[in-house]
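What's counted below: heavy atoms across the whole structure, side chains too, no hydrogens, waters or symmetry copies. Both counts, for ligands and for their atoms, begin at 1 and track the order of listing.
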Amino acid sequence: MTYIDNLINELYEKNELADNELLYLIKNIDEESRKKLLEKAYETKFKYYGNKVFMRGLIEFTNYCKNDCYYCGIRKSNKSAERYRLSLEQILECCNIGYNLGYRTYVLQGGEDGFYTDDRIVEIIKTIKAFFPECAITLSIGEKPYGSYERYYEAGADRYLLRHESANVEHYGKLHPRELSLSNRKQCLYNLKEIGYQVGAGFMVESPYQTEENLVEDLLFLKKLEPHMVGIGPFIPHKDTDFRDKMQGTLEKTILMVALTRLLLPKALIPATTALGTIHPLGREMGLKAGANVVMPNLSPTKVRAKYSLYDNKICTGDEAAECRYCIERRIENSGFVVDTSRGDNIEWKRT
Ligand code: 5AD
Ligand code: FES
């Protein structure tokens, strides 16, 4: 057995690896060991969640954003972005469509949009909970003060997604303007955990200036934070950003990161992301085979979908949008998995 195979076995058995070992593995893995790693990741997922794939209905309710992250298509300084906001009624209509498809969890994602004050967010959460009491609500609306996170949780929000984007200070600084800091981002994640949310962190793979050492830091940060969910997708350039000519992240590296994350955090809920589906027609299916176990079909009204443009060529935004929910379920089943539309909580979480 090769050194790398030993590392893979150790990772599979102990769910941890030292930084130099992870780095060696990422830098040197060959085709054969890679296959083995992906199998071990799938086996680990199977042990805790079987062959289920959990469905979350994604509602992109605003593309206004006060931030100016260099990679993102809805950054404040992109004057060509056509901005939109959904009303409470429109959001409820999306939930209703999801409910009729059997989905028992909704993800409210948006830019950091001052229009949605804490009072408005609380109103949205309470109204959704009044109509759909058995459904889980996930928020993905960025960095907020501790007190705001508390108010949303008390109103009934169950989960919060906030990718850390990069766990290395220098690299974080190359992706974000000065106003945004990695330390605040991390603090938000720890605050969310303390309040009681199921928390999701995550990062882009092969974002500009990212090194393999940075990826190891991302993985080790995840190991330390122990989030309940982890979102991982390839970086994809957006034509209206300064990163328009940067290289897109590769399928191979992204899948490798999904598998390593599964082995480090065996019970995590890991989506096969839309970005993964965008860089390869079977990207999400490959993600599921490498240890991912969540898919987030888009429930946003079809006429706004193309406007929630974080990166170029995003799938499920064109003429096929209305059919996309059937398409994704068919894809999941065709790959040998079982669609699960329940709340799909992390098996270690209970509301406090
Ligand atoms: N390529 C890939 N992912 C992106 N995101 C934002 N911009 C891009 C891009 N150009 C991701 C970020 C964010 C999530 C909602 O979308 O990681 O957290
Ligand atoms: Fe959206 Fe196939 S999943 S079109």
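With no hydrogens or angles considered, a side-chain donor-acceptor pair links Thr105 and Arg159 at under 3.5 Å. Side-chain polar atoms of Tyr209 and Asn214 form no donor-acceptor pair below 3.5 angstrom. Between Ser300 and Asn298, the side chains place a donor N or O and an acceptor N or O closer than 3.5 Å (distance only, hydrogens not considered).
Other residues sharing the hydrophobic cluster of Val338, ordered by chain and number and joined by side-chain separations under 4.5 Å: none, the residue standing alone.
Protein heavy atom at the shortest distance from atom 15 (C) of ligand 1 is Leu310 CD1, 3.8 Å. Closest to atom 2 (C) of ligand 1, if we only count protein heavy atoms, is Pro234 O, 3.2 Å. Nearest non-hydrogen protein atom to atom 7 (N) of ligand 1 is Tyr71 CD1, 3.3 Å. Looking only at heavy atoms of the protein, atom 11 (C) of ligand 1 is closest to Arg163 NH1, 3.6 Å. Protein heavy atom in closest approach to atom 1 (N) of ligand 1: Ile236 N, 3.0 Å. Of the protein's heavy atoms, Met204 SD, 3.5 Å lies nearest to atom 4 (C) of ligand 1.
For ligand 1, one of its N or O atoms has an N or O atom of Glu165 under 3.5 Å away.
In this structure Glu21 satisfies the side chain to side chain contact (heavy atoms under 4.5 Å, CB included) test together with Tyr3, Leu7, Glu10, Leu17, Ala18, sequence neighbours excluded.
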Under the criterion side chain to side chain contact (heavy atoms under 4.5 Å, CB included), I'd like the reasoning laid out for Cys135 against Tyr106: C-alpha separation, chi angles, the key distance, then a yes or no. CA-CA 7 Å; Cys135 296; Tyr106 312 116; 3.7 Å; yes
